[in-house]
Amino acid sequence: MKTFPILYWPRRTKDDADYQLARKTINNATGLMPEIITDDLDLGSLFAANPDATVYFPVFCESTGWWGELLGAGAVVTDKMIISSECQLMVIRHEDRARSRGGTQLLAAEIYPASGFFKKMNSGIATVADMLATDAGTILALFSGRNQSQFINVLESTGNSYLGCIGRY
């Protein structure tokens, strides 16, 4: 059973400054060097075999739809670590091991935004914590809120095309 950190890195590692910085950041945060996975990542299988594992999943500026791979895997985003202007690490744990702080959740969503998206989405249901526009015309956004199902209902009722949401912080 693996309890040490796991860094998923889908790109070449040689001469990649973000890769080196990600390893250093994880080591500084945990005191351990992460195991590296460069192949396809199956979080469902990984968490079934290692429920205490923590996966660090990079989101690059040019990324689109990164959490589509995570849905249905019992995975939740518990934190994020900015390692450079080009890359953030999403800290992912099994939903049974994720800690919730006061009921507030960090909700990640991929959205094809409708007009008025920014004005409508800062509400009592969820507040924009961070977002990134992609070349494909989607927005990768992190919201803080208390109720995931209410958040999805509000998101869809405002005319946005919602493509996926996970998270708990």
Side-chain angles (χ1 to χ4, degrees), residues 1-84 86-101 103-112 129-132 134 136 138-145 147-149 151-152 155-156 161-169:
M1 190 175 290
K2 299 175 186 175
T3 58
F4 48 87
I6 298 168
L7 173 60
Y8 170 65
W9 202 262
R11 305 190 319 184
R12 286 184 26 168
T13 58
K14 187 175 178 165
D15 299 326
D16 187 334
D18 282 332
Y19 168 72
Q20 294 300 330
L21 193 53
R23 291 185 63 208
K24 182 178 179 180
T25 302
I26 294 167
N27 185 317
N28 288 342
T30 66
L32 300 168
M33 276 304 224
E35 176 182 328
I36 310 302
I37 296 177
T38 57
D39 301 352
D40 289 337
L41 180 64
D42 180 351
L43 283 177
S45 297
L46 188 143
F47 285 137
N50 306 290
D52 290 328
T54 301
V55 176
Y56 294 82
F57 193 104
V59 178
F60 304 100
C61 277
E62 70 275 5
S63 295
T64 58
W66 61 271
W67 48 79
E69 302 168 46
L70 310 178
L71 296 175
V76 295
V77 175
T78 59
D79 203 357
K80 72 172 183 167
M81 304 165 85
I82 298 172
I83 62 167
S84 75
E86 298 295 317
C87 181
Q88 300 178 49
L89 294 176
M90 295 298 155
V91 182
I92 301 170
R93 309 255 357 240
H94 187 273
E95 62 189 346
D96 293 340
R97 303 296 196 265
R99 285 177 259 130
S100 180
R101 297 183 194 164
T104 299
Q105 300 180 26
L106 187 63
L107 307 166
E110 182 175 11
I111 302 156
Y112 280 115
D130 192 16
M131 68 176 53
L132 175 71
T134 70
T138 62
I139 290 178
L140 305 179
L142 292 173
F143 296 86
S144 59
N147 185 309
Q148 184 169 330
S149 58
F151 165 74
I152 293 168
L155 185 65
E156 291 177 337
S161 179
Y162 158 77
L163 304 174
C165 181
I166 59 169
R168 182 163 48 217
Y169 176 73

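Since the structure is predicted, the reported quantities are computational estimates derived from the model, not experimental observations.
In this structure, CD1 on Ile26 lies 4.5 Å from CG on Leu7, to the nearest 0.5 angstrom. Atom CG in Leu89 sits 13.0 Å away from atom OH in Tyr8 (nearest 0.5 Å). Atoms CD1 and CG, on Ile6 and Leu41 in that order, are 8.0 Å from each other to the nearest 0.5 Å.
In terms of heavy atoms, Ala29 sits closest to Met81 at CB-CE, 3.7 Å.
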Distance-only donor-acceptor pairs under 3.5 Å for side chains of residues 13-23, two or more places apart:
from, atom 1, to, atom 2, distance (Å)
Asp16, OD1, Asp18, N, 2.9
Asp16, OD1, Tyr19, N, 3.2
Asp16, OD2, Trp9, NE1, 3.3
Asp18, OD1, Ser84, OG, 2.8

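Taking a 6.0 Å sphere around CG of Asn28, one finds it holds more than 12 heavy atoms contributed by other residues, nucleotides or ligands.
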Quick one: do Thr30 and Thr54 satisfy side chain to side chain contact (heavy atoms under 4.5 Å, CB included)? Show the steps, please.
CA-CA 10 Å; Thr30 66; Thr54 301; over 6 Å; no
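The main-chain N or O of Val55 is never found under 3.5 Å from a side-chain atom of Arg93 such that the two would form a donor-acceptor pair.
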